[in-house]
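We name chains A, B, ... by the order of the sequence lines, and we start the count at 1 in each one.
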Protein chains: 2
Amino acid sequence: MPKTTKKMESGRPSDGRSVNDRKPKEKRWQEILKAAAEVFYEKGYDAATLQEIADRVGILKGSIYYYIKTKSDLLDHLLTEVHNEGVAMIRKRSELTGTVFDKLDAMFRSHIEYMCRNQAKTTVYLHELKALDPKRRESLFRGHEFRDEFLALIKKGQAEGLILERLDPKLTAQTMMGWTNSLYQWYRPQPRKPVDQIADHFITIMLRGIATEKGLALLPTDR
Amino acid sequence: MPKTTKKMESGRPSDGRSVNDRKPKEKRWQEILKAAAEVFYEKGYDAATLQEIADRVGILKGSIYYYIKTKSDLLDHLLTEVHNEGVAMIRKRSELTGTVFDKLDAMFRSHIEYMCRNQAKTTVYLHELKALDPKRRESLFRGHEFRDEFLALIKKGQAEGLILERLDPKLTAQTMMGWTNSLYQWYRPQPRKPVDQIADHFITIMLRGIATEKGLALLPTDR
DNA sequence: CCTACCGATCGGTAGG
DNA sequence: CCTACCGATCGGTAGG
């Protein structure tokens with residue numbers, strides 16, 4: 001007769017949960033997604049348990065299944081979010097005017113800032129895409145959109161004599177993207193260096209690195 | 001009485017295993033490590049199962065425990081290997097002579113080549129260090145050695161007027177390392193571009209990116 | 001009938 | 001190295 005014992009437990013007084021009672025559905029769902037992002041970030045998707053996610057929200061593990069069908073639904077939602085925000089950012093930045101270098105500066109800067117300000121989500125995105133089934137993975141992989149943007153700008157810069165012709169556009173775009181994406185590997189929210197300075201260093205090295213002598217004239221001078 | 005059923009299975013005739021019988025211990029151990037590297041690379045450490053590793057070697061899951069005490073021993077051995085090979089590489093390259101740029105070129109080139117030629121091991125190293133307990137992780141993290149080498153070279157280059165003074169040495173070293181390490185994210189063993197070309201692109205952009213006007217004179221001309 | 005969960009336990013599999 | 005298992009915990013689901 002374990003029920004009596006259990007009933008004692010379920011009636012436990014003065015636990016921390018009473019505050020969390022009766023949240024509206026959408027708000028609870030956002031709390032769950034946030035907790036999932038944190039746990040996936042800290043442990044990785046496979047090692048993360050629904051138990052820990054539920055603990056952080058203050059509900060029971062089983063209750064999560066009111067919102068999802070399987071564990072991977074959580075990952076799916078998070079990655080979709082990052083994907084959509086990323087695509088929106090590209091759209092926004094590609095409308096900018098100015099030189100090729102101005103555009104590259106703006107695109108990389110917003111990308112870097114997004115990554116640093118959404119570190120957990122971005123890390124999960126870059127680390128756990130492979131945990132998704134191939135179809136979802138392909139549709140959420142935004143590498144192509146980014147790369148195509150860069151690719152076009154690099155070719156334009158080469159045509160204008162601003163970017164070294166000996167660089168292969170595809171390989172260069174790939175290298176650039178990999179570079180920015182590597183930020184999540186070492187950036188930590190409260191480092192000695194602010195986000196601006198990181199972006200400045202990154203963009204300085206990148207733009208000078210690909211610029212011809214003619215192109216260098218458009219960039220800040222050395223000292 | 002499930003035992004009889006099990007015995008029938010274990011006595012199965014004409015399975016593929018007979019070829020694998022009675023390998024000397026050290027050789028088997030290397031086979032296990034190799035299989036572990038592959039499975040960790042494909043699935044990630046947490047999602048990898050000892051069953052799959054055993055299957056690839058052609059032994060039973062339980063038999064792996066003749067060689068290890070826990071699953072993490074496999075990870076530990078693999079990461080130690082990568083760590084030691086990396087440290088040895090640094091030692092070798094730091095004895096080189098030439099300009100600061102020559103040394104940076106040699107260091108990055110050997111690092112890039114190692115990463116591309118040991119893709120599975122390197123990926124596991126960069127992805128799964130966090131799965132180790134903090135003490136082992138710290139002792140196997142070779143980031144510091146690498147960064148200190150780069151740091152010294154960058155400062156030397158700045159003192160000689162070859163590298164931009166406005167770049168923060170630590171942040172630049174960190175950025176450079178992150179860049180090379182990001183290679184594993186997209187490099188695949190049989191790509192369109194050979195390893196040499198990748199290294200060339202990478203080093204061109206990096207060295208031109210940090211060089212002063214005076215420094216640029218030491219690098220291959222643009223075109 | 002619904003929303004928003006809880007208490008308890010399922011089948012299956014992990015490392016050991 | 002194999003056979004024969006265990007302790008525990010996983011993701012997921014039942015009824016209320």
Of the options [options], whose atoms approach the side-chain atoms of [X] most closely?
| X | options | value |
| --- | --- | --- |
| B:Y65 | C:dG16, C:dC6, D:dC2 | C:dG16 |
| B:R28 | D:dC1, C:dC5, C:dC6 | D:dC1 |
| B:I59 | C:dC5, D:dC2, C:dG15 | D:dC2 |
| B:K61 | D:dT3, D:dC1, C:dG15 | C:dG15 |

To the nearest angstrom, how far is [X] atom [atom1] from [N] atom [atom2]?
| X | N | atom1 | atom2 | result |
| --- | --- | --- | --- | --- |
| B:I68 | C:dG16 | CD1 | P | 7 Å |
| A:Y67 | C:dC6 | OH | C1' | 13 Å |
| A:L50 | D:dT9 | CG | C1' | 12 Å |
| A:I53 | D:dG12 | CD1 | C1' | 14 Å |
| B:L60 | C:dG15 | CG | C1' | 15 Å |
| A:Y66 | D:dG16 | OH | P | 19 Å |
| A:I64 | C:dA4 | CD1 | C1' | 14 Å |
| A:K71 | C:dT13 | NZ | P | 16 Å |

Worked check of side-chain hydrogen bond (donor to acceptor under 3.5 Å, both in side chains) between B:T122 and B:R117
CA-CA 9 Å; B:T122 305; B:R117 302 222 162 95; over 6 Å; no
Go through the structure and list residues passing side chain to side chain contact (heavy atoms under 4.5 Å, CB included) with B:Q119, not counting sequence neighbours.
B:Y41, B:T123, B:Y187, B:R188, B:P189
List the atom of [X], the atom of [Y], and the distance in Å for their closest heavy-atom pair.
| X | Y | answer |
| --- | --- | --- |
| A:G44 | A:E128 | CA-OE2, 3.3 Å |
| A:T80 | A:R136 | OG1-NH2, 3.1 Å |
| B:D46 | A:K43 | OD2-O, 4.0 Å |
| B:F202 | B:M176 | CZ-O, 4.3 Å |

Quantified in whole Å, what is the P atom distance between nucleotide D:dG12 and nucleotide C:dA8?
22 Å
Within 45° of the axis and under 6.0 Å from the centre of the six-membered ring of A:Y45, does NZ or CZ of A:K130 qualify?
no
By the 4.0 Å heavy-atom rule, please label A:A54 as base, sugar-phosphate, or nothing.
nothing
When you match A:K69 and A:T49 each to their closest nucleotide on DNA chain D, which lands nearer the 5' end?
A:T49
Read 5' to 3' with Watson-Crick or G-U pairs under 3.5 Å, [ ] for crossing pairs and | for partners on another strand, DNA chain C gives .....|.|.||...||
